Number of protein chains: 2
Amino acid sequence: MPKDTFFNLPEEKRQGLTQALLEEFAENDYRSASVSRVVERAGIAKGSFYQYFEDKKDCYLYLLRLAVDEKRAFVSRIPPPEHGLDVFATLRWLLDTGASFEFSQPQLAKIGYRAVLGEAPFPDETLEMIRQGGMAYFRQLAAQGVAAGTIRPETDVETAAFVWNVIFMNLGQHLLGRFGMAPQELLERGAQAVSSQEMRTVIFQVLDILENGLRKR
Amino acid sequence: MPKDTFFNLPEEKRQGLTQALLEEFAENDYRSASVSRVVERAGIAKGSFYQYFEDKKDCYLYLLRLAVDEKRAFVSRIPPPEHGLDVFATLRWLLDTGASFEFSQPQLAKIGYRAVLGEAPFPDETLEMIRQGGMAYFRQLAAQGVAAGTIRPETDVETAAFVWNVIFMNLGQHLLGRFGMAPQELLERGAQAVSSQEMRTVIFQVLDILENGLRKR
DNA sequence: AAAAAATGTGACCATCCAGTCACATGACTG
DNA sequence: CAGTCATGTGACTGGATGGTCACATTTTTT
């Protein structure tokens, strides 16, 4: 946990530091990220940094929790389709929202992505939650679909969850690379970028593949 | 390129050094991997290391090329289904072979995986080849399927390639995590581990999802 | 205004890193 | 045997890192 001094910081200064942290930890994995670079970018003294955070791990976990909170807030802003409806409608909402988040908060998304890949050299419950949360959700969704009869009954829930999860995790990056936006441009255009028709089309195609397969019949 | 001295090394010593390199670069990304740890593990002097390799980058690229070569050799040992046949048969062969390679050479696979994620802080053509090779292959495969009429004609080739590629890249890791094998155990059991019936079932399920979708009809 | 508490600072420390180099050891050659 | 060349070595350099601390500055309390 960051110390009180961090939360007592004037809004502007705290934002500046947070931004420097976001940049550093989005561009580098935990071990390569450098506190020295962060304080340089933020324009504060090394000593000050350690008035705000216990250590490097502390500031990293702060970012992780920030990512979780922001994603929660983001998701709750776009309400899900009514519960119990078609699983594929839920899936569409998920992919759509997930991609939007990636475009709206690319740095937080990247940090979360890194966390899932499991490169931090220490155990932590927030980390574990992020790592397992996605699969758990998709597992439950798949089970629900099987129970409701929307999904083919012979489906293995774990395997379906894997496929969905892996697509979900990588779709944002794919769209980003495919439609060639620099991170800078992203930050300027904001979330509405994803509403571009091209991207919507891709998302729907992906959903269609997951739902109906690729084989012509 | 490693220097001549490296290739002149007695088999045993070269193997030992290579093994130390594999371990280090499979466990750490490029920036975090440490030459000091490598020479310690390999039991040679720091100076000797720099008789064999130009620098850190040189030894890393050696591993990358090794990964490419080994994978090529591995793949050519399990011949593909006849050309021009069902795209899905080719896909099955791909997933199967890919997963087998991951179980047979987990360290090389991991290094390749890291390379695709794009974390090395320098440009290189081998790197670029590894990064784009997968997508290029799947793109061509999808186009072939559309042309042959096996795949639904309205399919966007790029999107199909993305879905296949992302599944292909992550299936090995998934199987590994799911059937809970430690890397050590893996190295002992070798490639035949993947022939376990459980894993085959999962691979076939994944293929089935990609081919026919999940929706019950 | 004085005292006290909180916050800011950058030189400094121990540790690690990639890479070098003067020298030691071995092997081959005339 | 002497001489030459390839290989092995580890102390060392310069630089970066995470983290500390004695002190300076600012803010709050008395």
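Worth saying up front: this structure is predicted, and the values here are computed from it rather than measured. In what follows, every chain begins at residue 1, and chains take the letters A, B, ... in the order their sequences are listed.
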Does one side chain, of B:S32 or B:D29, offer a donor that lies under 3.5 Å from an acceptor on the other?
yes
C:dC16 OP1/OP2 closer than 4.0 Å to side-chain N/O of B:S36:
no
When A:E54 and A:R37 are each assigned the nearest nucleotide of DNA chain D, the 5'-most assignment goes to A:R37
Base, sugar-phosphate alone, or nothing: which one does A:F6 contact when heavy atoms must sit under 4.0 Å apart?
nothing
Check the distance between C:dT7's P and A:F7's CZ and give it to me in whole angstrom.
13 Å
Closest to the side chain of A:K56, out of C:dA18, D:dG18, D:dT9, is D:dG18
Does A:N8 have a side-chain nitrogen or oxygen under 4.0 Å from the phosphate oxygens OP1 or OP2 of C:dT7?
yes
Less than 3.5 Å apart, any donor N or O on the side chain of A:Q140 or A:Q144 sitting next to an acceptor on the other?
yes
OP1 or OP2 of C:dA18 sitting under 4.0 Å from any side-chain N/O of B:S34?
yes
Ignoring backbone atoms, establish whether B:T5 has a side-chain N or O less than 4.0 Å from OP1 or OP2 of D:dT7.
no
Taking all non-hydrogen atoms of both residues into account, name the closest pair between A:I209 and B:A160 and its distance.
CD1-CA, 4.1 Å
What is the distance from CG of B:D58 to P of C:dT20, rounded to the nearest Å?
12 Å
D:dG8 phosphate, OP1 or OP2: any side-chain N/O from B:Y52 under 4.0 angstrom?
yes
To the nearest Å, how far apart are B:L9 CG and C:dA27 P?
14 Å
Within this structure, what is the CZ-to-C1' distance between B:F49 and D:dT7, rounded to whole angstrom?
16 Å
Evaluate the ring planes of A:F7 and A:Y62, with Trp represented by its six-membered ring, and classify them as parallel (under 30°), tilted (30 to 60°) or perpendicular (over 60°).
perpendicular
Give the rounded distance in Å between these two atoms: OH of B:Y50 and P of C:dA22.
18 Å
Could you label the plane-to-plane angle of the A:Y30 and A:F25 rings as parallel, tilted or perpendicular, counting under 30° as parallel and over 60° as perpendicular?
tilted
With DNA chain D as reference, determine whether A:S32 or B:K13 sits nearer its 5' end, using the nearest nucleotide of each.
B:K13
Atom CG of B:L17 to atom P of D:dT7: distance rounded to whole Å?
15 Å
Within this structure, what is the OH-to-P distance between A:Y30 and D:dT17, rounded to whole angstrom?
14 Å
Interatomic distance where CD belongs to A:Q51 and P belongs to D:dA22 [whole Å]:
14 Å
Any B:K46 side-chain N or O less than 4.0 Å from OP1/OP2 of D:dG10
no
